[in-house]
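Only one structure is covered here, and it is reproduced in the block below.
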Amino acid sequence: MRRATVQKMVNVIVSVIVTVIVLFPILWGLSTSLKSTDRILKVPPDVVPNPPVLDHYYSIFERGLGRYLFNTVVVSSITVLVVLLLGFMAAYALARMEFRAKRAITTGLLIIMSIPLASLLVPTFTLLANLNLLDTRTGLVLLYTTYELPLTIWLISNYIKTIPESFEHAALIDGYSRGAVMRKVTLPLAMPVVIASSLFTLTFAWNDFIVAVTMNASEGIKTLPVGIYNFLGIFSREWGPLTAAAMISIIPIVIIFVVFQRYFVSGLTGGGAKG
Amino acid sequence: MGRYYARTLATVLAATCSLGAIAQANAGTVTMWTFLNPENTSGREVALRNVIEKYEANHPGVDIVVEPQDWATMTEKFVLSHSANRAPDIIWSAQDLGLLVNSGAVTSLNPYLADWLAENDDDLLFDNAYDNATYDGELMAVPLFPYSVLVFYRKDHFAQVGLTEDDLDTWDGFAAAVKKLQDAGLPGLLLPLSEDKPSSTIATTAYMDLNDGHLLAEGCVADFATDIGVQALTLQTDMIKSGLISQEAVARTNDDAWDLFIGGRGSIVPQTSARAGALLSSSDWANEETVGIVPWPSFTTDHHGPSVGASWQVSLWSGSQNKEEASDFMAFMASEEGAKEWAVTGEQLPLRASVANLPELSGGVFALNQAASEALNETGRFPRPGCAESSTMGDWNRAAQDVLLNGISPVDALQEATDSTNRRQ
Amino acid sequence: MAEAGVATVVGTGGRRSKLFRVGEVKPYLFVLPFIGLEALFLLLPLGMSLYYSLFDIKYLIVGDFVGLQNYFEIFSNRRFLASVGVTMTFSLFSLFFTFIVGFALALWLVKDNGHSVFMRAIILVPYVISMLVGSLLLKWVLSQDAGLTDLLLGPLGIPSLSILGDPSTAMAAIVYNGVWRDSAFAMMLLMAGLKSIPLHIYQAAKVDGASKLYTFWRITLPLMRMPILITLVRLLLYFVNSLTFQLVLTGGGPAGATTNIVLHMYRSAFEDSLLGLGNAMSFVLFLFNLAIIAVIIILFRVSGRTPK
Amino acid sequence: MGKTVEFCEVGKNFGSVSALQGLNLKIEEGEFVSFLGPSGSGKTTSLNMLAGLLSVSAGEIKIAGQRVNEVPPERRNIAMVFQNYALYPHLTIAENLAFPLRARRGMSKDEIGKRVNDAAAVLGVPDLLERYPKELSGGQQQRVALGRALIRDPGVLLLDEPLSNLDARLRIRMRRDIKKLHERLGATIVYVTHDQAEALTLSSRIAVFNLGSLQQFGTPEEIYNKPVNTFVANFLGEREMTFVEGSIEERQGRQWFTAPGVTVPVAHETPPSQAVTLGIRAETLKPVPAEGALISGEVREVEHSGADLILYVTVGVQRELVVRTEANSGFEKGDRIDLGLAQSHFHLFDTATGVALAPRV
């Protein structure tokens, strides 16, 4: 009885410490975003904004944050859909079909995942320019898809391998075509890993900065991280708008993760973790 | 099965392709890359918007399209875009003009603006900014707003301990002033010595001073590992070793130091004159009574130390299909009307003599600009055309770090800085 | 369709068959879009970068063919070699702490109760937010200028500390950044592994009277081989190729103490416009990555073979 | 109505491994045939080929006289029940039952609903329709799986060890239900199992598989009483058959099987080598008075199994026979026992080939 109480107390204390360590920089950012410009760099700093002001939030939306947000939503969601569609098909083939190149592709996945993206920026820029895809959302979607497909395929195909084949056999015998079986049986059964890998893709596409800033120029198609980066102006850093925009960019992705995190674990349990 | 496959694939392709509709350049549309976003509300950005609106009103049928860029990667992207043959008509640059010219991405403005220049020459200030933009007699860029890294200081703090700006005339006075401030419990000198986003420092200024005002010799050759190089570098490192400058300086970028100054944690900071306006608007203590701008110190009282002049300037893409329209707009940006916008609305150093004396330009930021303008006119040294100098400051900072933290001798550290700089040319 | 039926391949080697549909030869159609995309946007640029690494590139314009000269230059450059050391130091320390912290968190939060779900969500926050934003905020906290370190360490009698101004503490700061962000990732992967160990094995161990520690060493760890391998490989790849931490938090300084290969490459290519050199470095980095994976996998094979 | 199923010289290779060789089998309309054998014997491979889940490496499979080697499973008009039921966990019972019906276009929603309700009523699961599979007991899941297979009146119904995940009693009850269903529907059923009791009670004919080839195909009675070789003989029956190797001797005008401690009269065709193996099931022998005894021995162990008593009897030197007798026969450990023949004859096999020797008439 007493031991349980002690254990509980320790648990609470550890939880609080971890929470503080983990969230401190972010809460600091939140606090900064609510301070008026002339108080942000005040010394000593106010821990709690006094008084809190929403000016920076208004100003970033006036300065086109809505459009950045829209672009990010469009690019990330389409990336997720394309990655899932192509990734699921390939993963299914690797898990359930036999063909000559299979081994090579499976090995290739691992090698591809070890190519440092930073090294591809310059040739990719030239390539996109030649394909007339520079400065387009399509270009970003295609690149993100390319970068996230290997991991997605790897996760999903490993997961599918853990699903008994008899479900698909049953549906085949019941009169469904391969395509229908994939959609109506395999896909719903693989939902946890589909969600988990979508979260990986979403995180990448939502937060990517380096690729977007290199490949896109136009204001109209700028994504959120690039927009945020622009607040690191050259005449001074605009901490207020910067942190406010950062907070805006954090909210949707954190909500999505909180809602879906249990799939994140179970999706990896079936497949990836077992290799 | 096959149909299902083909259909979904087609849907995906259609969905992604429809996203990519971007405005294709057509006649009458002039595209421009700049770090300013005319939709924003800062002075320079409003000024840009006003300039564009005025120009478009005078030239119906011409459409100026601005694509704001991240300034740090803008030049490189422009060159890459140039080699992919889809660059904008006008590109802004500051210290990277050499890259633009050497890569052939921008073209001479002589065919378009020679007459305009002749007409306006008398009114234009900062001749050496034009010299800096002229390669083999060809004008490659039109300077818009010049600036220089000068010394910002707190008049109020100086007054408290009985210092005046004259104390900053020599390096000895400079060091003594910092010591005096520190002893009085006031914040001292903020010096950014990170390799990231480097700018002029004590060492580079002292070196230029001892080296006839130039960082590089003719032909863009660096030779820092000399007695004067060591003298300049040691001047700076000694100030850190003796505690006049915090060791954190080696981790500070220009922005970090500036943030601290805004936050009231410094009494002296080297900074680009272009930030004077931002200082007044984002701190609760700064005004013309509390802030001063002075030139750099030197080793003797007979002259001030040199400051590295630079200017944001606009160049014309060599592959532009609208060279006439684009160059006409470039000239307009530097016209009296444009210059007035930059100076008054944009709060930049005045570009033309006719604008410099406008009654609007008094008090507040304009007072600071006035001081900066004088300092720049007196001490400004623009880099030799075609020399890539901006990263050289970073090489010097690295040399200082190596001496302080890695125990490398000043000569060796400077030799590395020399090699790095020369490799880049 | 019909004539293809007999030719259809089924399970080679193993007795277990693959799902098969008579009269179908379409696996290649399933993987074709994937292969196409990877070939076009990944392998082709990689090839281009290899190709460009053999040229002298100035002002981003391709110049003379110089053969392997760029590679010779890299390996005779003291700063590049130093960046290799930095990469290894940073990666190994980050890997070690991230793995330990991630494993501890995974063990702590593996049970699906309200508390765990809540804590997991919190721990995930640094992972899901933009690295750029995360590192900026962390810099704001860690720099001496913010005054927070003095505030915390002052009462302990520790004199004002310039964390980012000293090579070793700057390295620690950047490792901290890595651990702060990626522990959540390690936690998730390892937690998934923990959950895939059947409960009855633990029950059996309990009945057999095994202590918690013994159970962990003798049951949990051996059964977690694969998840651990995967976590290690993925984390190591992240750390070896990280750019944002260095770029934003320390700028590679002080005195190059946190300049890793990627940052060195990035600077050479984009700031010094020495693309030939940059491409050569990126190719070396790619080989470095492959070597790391190979080493880890071999280590695991070897350790797997040794009798317990 | 049920359809005929034919295997003609069917073989299956997985790479270089041969899983099935030269299978010839004809199943009549409406017949209930079990494929019986240990795991790895080729029975499931045969079933999967019939279902279209595996390609055919050699030979021909015909359903209703038509070659189906190249026909995809969905067009074979077959249904299948899987060992693990393969109920889709993400669908309700009603949706699971409707799943095969929705595969064909043209069936109206009302018609599907009606059939689902009918099937649920027949299977005794009407109140479970809105539940999910994991909320059902094993037996209920089994019924739903059956229902899903039967709902579209397949010409051939394939059952792959459908009862192996159920407990013993439920298994026996389901056995009866399946038999009743078969009688009512008249579909041709192929039933794969390794449980001989299921095969014996359900089937009209049994195909016994071992090591990738068909051993014997016949009625339960034939399979049990006239096994063609030692494998079939041993595989059938509640307990393992006791094999005694010995030789045939002609004595006193009669044939005798002799081995150390065991000498019994037989009447079979004999191989030239005279080396034969005697097969004794537990029910082959019974206790008899000492004077009519063929074999005598000592009870070493007694095992109660409900209605019966199982005796382990040592005869000769360390040879053990198993004898089943009535529970009230009162034997105890250490008793001497005399044994006589309970059935008409012994099973006798050629020791060299394992092939059964035909009794002399």
Side-chain angles (χ1 to χ4, degrees), chain B residues 1-2 5-6 9 12-13 72-73 75-80 82-83 96 98-105 190 193-197 240 246-253 256-257 259-260 263 265-266 388 390-391 394 397-406 408 413 416 419-420 423-425, chain C residues 1 21 23-24 26 29-30 32-33 36 57-63 73 77-79 82 136 139-140 142-147 149 160-170 173 246-259 263 266-275 277:
Chain B
M1 175 59 217
Y5 174 83
L9 204 63
V12 170
L13 283 178
T73 57
T75 317
E76 284 83 1
K77 268 173 83 168
F78 181 83
V79 175
L80 289 174
H82 159 69
S83 46
D96 293 331
L99 174 58
L100 293 178
V101 173
N102 291 329
S103 62
L190 296 164
L193 289 179
S194 164
E195 273 185 275
D196 244 13
K197 300 180 183 171
I240 297 174
S246 150
Q247 191 188 307
E248 182 96 352
V250 298
R252 280 187 194 133
T253 66
D256 298 327
D259 281 347
L260 292 173
R265 313 240 344 239
S390 52
S391 296
N397 287 351
R398 177 63 192 267
Q401 296 175 11
D402 277 337
V403 168
L404 287 167
L405 301 169
N406 288 348
I408 294 176
E416 281 210 33
D419 295 343
S420 300
R423 200 151 49 127
R424 226 175 268 126
Q425 303 303 324
Chain C
M1 194 123 176
R21 180 173 168 272
E24 181 183 75
K26 290 206 182 107
L29 278 186
F30 280 67
L32 210 59
I57 302 182
K58 263 196 181 155
Y59 312 117
L60 308 178
I61 306 291
V62 181
E73 197 172 337
N77 183 331
R78 188 181 68 83
R79 290 196 180 162
L136 261 179
K139 173 169 183 172
W140 195 220
L142 288 179
S143 65
Q144 191 182 25
D145 311 335
T149 46
S160 183
L161 184 68
S162 171
I163 294 178
L164 299 175
D166 182 85
S168 51
T169 48
Q246 285 80 356
L247 202 58
V248 180
L249 184 60
T250 61
T258 57
T259 301
L263 182 60
Y266 184 84
R267 289 237 165 98
S268 300
F270 288 95
E271 287 175 15
D272 300 348
S273 304
L274 299 169
L275 276 187
L277 213 56

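In what follows, chains are A, B, ... by sequence order, proteins preceding strands, each numbered from 1.
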**Request:** Go through the atoms of D402(B) and report whether side chain, backbone, both or neither lie under 4.5 Å from a heavy atom of chain C.
**Result:**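 For D402(B), backbone and side chain are both near chain C.
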**Asked** Non-hydrogen atoms of chain C under 4.5 Å away: do they reach the side chain of I408(B), the backbone, both or neither?
**Response** side chain
**Request:** Check the pair N77(C), R423(B) against side chain to side chain contact (heavy atoms under 4.5 Å, CB included), reporting the backbone distance first and the verdict last.
**Result:** CA-CA 12 Å; N77(C) 183 331; R423(B) 200 151 49 127; 3.7 Å; yes
Spatial distance of atom [atom1] ([X]) from atom [atom2] ([Y]) [nearest 0.5 Å]:
X: R79(C); Y: R398(B); atom1: CZ; atom2: CZ; result: 4.0 Å
X: T250(C); Y: D196(B); atom1: OG1; atom2: CG; result: 8.5 Å
X: R78(C); Y: D419(B); atom1: CZ; atom2: CG; result: 11.0 Å

**Interface moiety of D166(C) toward chain B, non-hydrogen atoms closer than 4.5 Å** =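 Both parts, backbone and side chain.
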**Complete:** Pair count under 4.5 Å, heavy atoms only, with chain B: among G165(C), A255(C), S268(C), highest is A255(C)
**Validation row: T253(B), K139(C) side chains within 4.5 angstrom (heavy atoms)** = yes
**Message:** Which one wins on heavy-atom pair count under 4.5 Å against chain C: L405(B), L193(B), V250(B)?
**Reply:**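 Of L405(B), L193(B), V250(B), L405(B) has the most heavy-atom pairs under 4.5 Å with chain C.
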